[in-house]
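Heads up, the thing below is written out as structure tokens.
Computed from a prediction, not measured in an experiment: that's the story for all the values here. No hydrogens, no waters, no symmetry mates; every other heavy atom, side chains included, goes into these values.
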There are 2 protein chains.
Amino acid sequence: MLEQLDLDRSLEKDRYKIEIEDLMRQLRSLQQACWEKNLPAIIVLEGWAAAGKGGLVKKVINYMDPRGFSLHPIWPPTAEEKDYPFLWRFWRKTPHYGKMGLFYHSWYTHVLEERLFERVSSAEVPGVMRHINAFERQMSDDGCAIAKFWIHISKKELKQRLKDYAKDPLDAWRVREEDWKQVKYYGKYRTLAEEMLIQTSTGFAPWTLVEGNCQRWARVKVLQTIAATLQEALDRQHLRVAPPSVPPQEALEPGEPDILARADLSAALSRDEYKQRLKEAQVRLRELQLKIFKHNIPVLALFEGWDAAGKGGAIKRLTNNLDPRSYEVTPFAAPTSEEKKHHYLWRFWQHLPPAGKIGIFDRTWYGRVFVERIEGFATDVQWRQAYREINEFESMLSDRGYVLVKFWLHISPEEQLRRFEDRKNDPFKQYKLTEEDWRNREQWGLYDVAVNQAISRTHTPNAPWTVVPGNDKLYARVTVLETVIGAIATELKKY
Amino acid sequence: MLEQLDLDRSLEKDRYKIEIEDLMRQLRSLQQACWEKNLPAIIVLEGWAAAGKGGLVKKVINYMDPRGFSLHPIWPPTAEEKDYPFLWRFWRKTPHYGKMGLFYHSWYTHVLEERLFERVSSAEVPGVMRHINAFERQMSDDGCAIAKFWIHISKKELKQRLKDYAKDPLDAWRVREEDWKQVKYYGKYRTLAEEMLIQTSTGFAPWTLVEGNCQRWARVKVLQTIAATLQEALDRQHLRVAPPSVPPQEALEPGEPDILARADLSAALSRDEYKQRLKEAQVRLRELQLKIFKHNIPVLALFEGWDAAGKGGAIKRLTNNLDPRSYEVTPFAAPTSEEKKHHYLWRFWQHLPPAGKIGIFDRTWYGRVFVERIEGFATDVQWRQAYREINEFESMLSDRGYVLVKFWLHISPEEQLRRFEDRKNDPFKQYKLTEEDWRNREQWGLYDVAVNQAISRTHTPNAPWTVVPGNDKLYARVTVLETVIGAIATELKKY
């Protein structure tokens with residue numbers, strides 16, 4: 001594929017000057033339009049060492065308004081970054097609505113340079129490609145324009161440029177050991193690049209191959225393509241019609257499984273049995289925590305449930321006996337103004353536990369298909385596609401070694417009412433009860449449908465749901481603990 | 001000092017139970033009150049290894065509402081964290097208004113353990129103490145309640161506990177090499193601790209010494225003190241009266257230096273001279289950039305100036321020839337809702353350049369004494385105390401090796417008007433001109449006073465201001481570049 005590129009293509013200086021001036025003006029005005037339309041864009045620059053990426057970046061920076069533009073030069077991952085899924089550091093850098101993010105190297109180094117130097121094994125590659133495609137599709141579905149460039153030069157040109165750089169005292173420091181290896185293993189590197197280009201060129205995030213032997217030609221081609229991509233994204237946004245409003249689903253369709261109804265809400269524990277099993281479980285979890293730490297395994301426990309179902313109490317018993325430095329509890333409420341400027345998964349990425357630690361989320365990304373669906377914060381299309389996005393996200397976590405446990409704490413409407421009344425009368429619990437709780441309660445039926453549907457669509461082998469009968473708090477707490485223990489113990493058998 | 005503590009103090013189990021239950025209820029309701037009153041709190045736990053900090057933290061966590069509470073277990077700094085001033089990672093963790101941050105170890109490890117192991121030299125210590133006190137005073141002035149605890153145990157007790165831990169398979173991993181060193185160098189460590197306690201016990205952030213041989217006693221004392229601190233802060237907030245409103249200062253007082261008036265606005269360059277000096281400077285800066293990188297020196301260039309004074313253009317010429325991976329331009333506009341929940345310096349900490357890189361801020365913390373003063377976003381007391389806070393902040397940066405350059409781009413009101421009209425008529429520049437620009441223009445006199453006063457109060461040897469005559473853009477751009485070059489070259493002489 002890359003061999004077929006006509007590397008003799010070139011552009012003479014005079015024409016280049018005219019074209020580049022014109023392109024820059026275009027880009028500037030497109031940037032403004034994107035800003036006004038809240039349209040984010042991701043530009044990826046990849047290619048051989050010394051292919052001219054740096055010079056190109058300089059040109060672009062010079063013309064762009066820095067308020068709507070971020071450059072992300074990507075270095076090898078730090079020790080901290082390695083404790084997370086490889087996309088972690090990139091998700092955190094995704095541009096907010098209206099801004100452009102320019103990635104000077106990107107997530108693709110993970111399947112290219114890392115692979116050449118065998119830091120990523122061949123067995124991992126298909127998974128990585130899948131996660132990359134899912135990531136880019138999720139960005140695109142969220143309205144983001146994406147343009148990716150592979151700047152190609154011949155082996156001869158590469159060698160010559162590296163030699164020239166090495167001679168120049170100002171540039172010598174930039175030539176790394178790895179760059180010379182690109183010359184030595186030119187053929188192998190090209191094969192890896194081709195495989196990557198083929199597997200990750202998609203309709204929503206296509207690669208543009210750029211003939212790079214003539215820098216002027218390459219710059220004009222890249223800038224033209226960026227301009228066309230932005231213009232197309234703006235046009236598409238313009239054409240988008242509001243989805244028809246769908247009436248809320250009040251009850252499950254015949255044949256749809258009612259998973260919540262299967263929970264045995266009469267399940268209960270005597271206080272004595274509770275005390276004994278709680279204690280045993282807490283001691284056991286602490287032992288396991290130590291092993292998690294030793295083996296560098298990340299654990300993520302997700303808590304959802306009816307208001308007043310006892311999430312807080314269950315989380316406390318879960319963490320009660322743990323070393324406070326080994327876990328973190330993150331409660332998620334309504335997104336902040338900053339969070340609203342990003343993909344809905346973005347804020348959860350910020351709080352993922354690193355390898356060796358336990359993360360506990362009080363409310364989760366399932367908000368997309370629960371409250372956001374019911375309150376209309378997400379459109380019909382958005383919450384429907386969220387099932388797939390969530391499954392992709394969780395499968396990536398599980399590929400990275402995360403132990404995932406997901407809880408729905410279940411109670412009956414009568415039990416909820418009893419607890420609301422209790423809270424109303426207890427000065428120390430009053431603050432827990434809000435207007436919103438009463439409003440949600442009126443929508444019990446809508447939530448019942450949404451939760452049932454979400455559970456059946458996202459209950460996967462590596463990220464299973466546990467519906468916890470919660471009318472008896474003691475039973476619920478012990479069940480949560482024992483489920484977490486079971487999941488960790490299963491994972492540890494692999495070691 | 002520490003030897004005088006009566007380590008035989010103890011509390012029997014029954015009384016402990018009653019007291020602790022009662023304290024926890026108090027704390028819970030105080031936490032709620034703080035949340036409602038937007039009052040942040042910082043709790044610091046320090047003391048010997050195995051002094052019982054972990055158990056105490058568990059107790060507190062169990063009772064606190066996680067939505068208003070964060071635990072920060074502090075580990076040795078990562079490689080990334082070492083590339084910033086030592087307070088960097090703590091500033092980023094300061095609680096937002098209404099929340100409580102519990103630091104399990106803190107910035108004090110920097111003057112204690114780091115010092116024992118000679119990672120921090122004695123010569124650095126006085127500066128570090130000064131920066132710590134300034135940090136805590138700034139937090140306190142911003143309304144934050146602070147309680148700090150030193151949990152003290154005897155050498156015998158320390159040794160026994162470490163032995164017990166080492167025997168227990170669940171606890172053995174927690175005993176570090178460094179902990180045994182505390183036994184070996186008990187006396188030396190105690191002396192260092194005493195010095196630290198004496199130098200950093202202040203009215204706004206006092207240390208509480210806690211007799212820790214009896215854990216029950218220690219817990220009750222710590223919790224009592226936290227409760228008292230929060231209560232006092234709430235009372236103080238209640239008592240606080242709105243400061244009298246001060247009429248804006250329309251003109252400088254006789255005798256106040258008019259620094260801006262001294263700028264020679266007729267300064268100009270011919271296009272030929274501009275081209276030559278610009279080119280020379282850009283090449284030179286690139287050479288220096290390489291040296292900065294090699295010596296791991298951080299550089300921070302701050303840009304302030306009248307609207308349309310040419311900040312953007314000057315920044316572009318500054319970065320034009322630099323490697324895009326070596327610098328970052330951060331524009332600061334009005335703070336976001338998240339940023340508004342923190343001390344005004346907080347958002348600048350988030351964007352400091354690390355060692356070896358150049359950070360360029362388009363608008364800066366001087367907003368506190370310019371726009372916030374003039375628009376009344378900061379009270380009279382707040383913007384007046386900001387001079388000191390800014391000087392402290394900049395001196396800490398300079399102690400950490402930052403090269404600081406601060407620019408005021410100066411133009412005449414007539415020149416500004418000419419440029420506004422230009423922008424109005426140029427479709428590519430229209431977006432740069434806002435209603436706010438016209439409104440600011442009407443307040444030229446107020447800004448003139450504020451800028452003059454800020455410059456004379458914050459012009460320090462290690463963080464000097466340069467007032468750049470900007471009526472001629474060419475002259476201004478070259479001056480900016482040459483000033484940055486001069487500052488870096490001066491710093492490099494030390495190497």
Side-chain angles (χ1 to χ4, degrees), chain A residues 25 28-29 32 35-36 53-54 57-58 60-63 65-67 69-71 73-75 78-81 102 104 169-174 283 286-287 289-290 293-294 312 315-316 319-326 328-331 333 336-339 341 360 362 427-428 430-432, chain B residues 25 28-29 32 35-36 53-54 57-58 60-63 65-67 69-71 73-75 78-81 102 104 169-174 283 286-287 289-290 293-294 312 315-316 319-326 328-331 333 336-339 341 360 362 427-428 430-432:
Chain A
R25 239 193 310 272
R28 185 86 187 239
S29 99
Q32 239 177 283
W35 179 260
E36 279 157 19
K53 298 184 290 295
V57 167
K58 273 193 203 172
V60 174
I61 292 177
N62 258 319
Y63 272 81
D65 183 337
R67 282 168 290 188
F69 176 85
S70 293
L71 172 69
I74 301 303
W75 306 89
T78 63
E80 188 199 8
E81 288 167 345
L102 176 56
Y104 182 170
L170 279 183
D171 281 321
W173 68 284
R174 298 199 318 184
V283 170
R286 182 133 178 237
E287 289 165 9
Q289 199 280 309
L290 194 54
F293 178 80
K294 276 186 187 155
I315 291 172
K316 272 181 189 165
T319 58
N320 228 346
N321 198 35
L322 294 176
D323 186 291
R325 292 168 295 187
S326 68
E328 185 163 7
V329 180
T330 315
T336 65
S337 64
E338 174 67 13
E339 289 167 347
K341 287 183 191 147
I360 293 161
D362 183 352
F428 282 107
Q430 274 167 11
Y431 78 99
K432 280 186 165 187
Chain B
R25 239 193 310 272
R28 184 83 187 238
S29 98
Q32 238 178 284
W35 179 259
E36 280 157 19
K53 297 185 290 295
V57 167
K58 273 194 205 173
V60 174
I61 291 177
N62 258 318
Y63 273 80
D65 183 338
R67 282 166 291 189
F69 176 84
S70 293
L71 171 70
I74 301 302
W75 306 91
T78 63
E80 189 198 6
E81 288 167 347
L102 175 56
Y104 181 171
L170 279 183
D171 280 322
W173 70 283
R174 298 198 318 186
V283 170
R286 181 131 177 237
E287 288 165 8
Q289 199 280 309
L290 194 54
F293 178 80
K294 276 186 188 155
I315 290 173
K316 273 184 190 165
T319 58
N320 228 346
N321 198 34
L322 293 176
D323 186 291
R325 291 168 297 187
S326 67
E328 186 164 5
V329 180
T330 315
T336 66
S337 64
E338 174 68 14
E339 287 166 350
K341 288 183 189 148
I360 295 161
D362 182 353
F428 283 106
Q430 274 167 12
Y431 79 99
K432 280 186 164 186

Check: In terms of heavy-atom proximity below 4.5 Å to chain A, should B/Glu287 be classed as side chain, backbone, both, or neither?
Finding: both
Margin query: Counting heavy-atom pairs closer than 4.5 Å to chain A, which one of B/Ile74, B/Thr336, B/Val57, B/Asp65 comes out on top?
Written below: B/Asp65
Item checked: Option that, when pairs with chain A are counted at under 4.5 Å, heavy atom only, ranks first among B/Ala79, B/Ser29, B/Gly54 -> B/Ser29
Item checked: Heavy-atom contact with chain B under 4.5 Å, split by part of A/Phe69 -> neither
Notebook entry, point to check: Given a strict heavy-atom distance threshold of 4.5 Å, which part of A/Trp35 is in contact with chain B: side chain, backbone, both, or neither?
Noted result: neither
Margin query: Suppose we screen for side-chain hydrogen bond (donor to acceptor under 3.5 Å, both in side chains). Which residues come up paired with A/Arg28, at least two apart in sequence or across chains?
Written below: B/Tyr431
Notebook entry, point to check: Got a second to check how far A/Lys316's NZ is from B/Ile61's CD1, nearest 0.5 Å?
Noted result: 10.5 Å
Margin query: As a quick check of understanding, evaluate side chain to side chain contact (heavy atoms under 4.5 Å, CB included) for A/Asp323 and B/Lys58, giving each step before the final call.
Written below: CA-CA 8 Å; A/Asp323 186 291; B/Lys58 273 194 205 173; 5.7 Å; no
Next item on the list: Using a cut-off of under 4.5 Å on heavy-atom pairs, state which of B/Asn321, B/Asn320, B/Thr319 scores highest against chain A.
Entry: B/Asn320
Checklist line | For A/Arg286, all residues meeting salt bridge (Lys or Arg N to Asp or Glu O under 4.0 Å), sequence neighbours excluded | finding: B/Asp171
Note to self: Does any backbone or side-chain atom of B/Ser337 lie under 4.5 Å from a heavy atom of chain A? Answer side chain, backbone, both or neither.
What the structure shows: both
Next item on the list: Check B/Pro324 against A/Pro73 and note the closest heavy-atom contact, atom names and distance.
Entry: O-CG, 4.2 Å
Check: With a cut-off of 6.0 Å (strictly less than), are more than 12 heavy atoms of other residues, nucleotides or ligands near OH of B/Tyr104?
Finding: yes
Item checked: Largest heavy-atom contact set with chain B, pairs under 4.5 Å, which of A/Leu322, A/Thr330, A/Ile315, A/Val283 -> A/Leu322
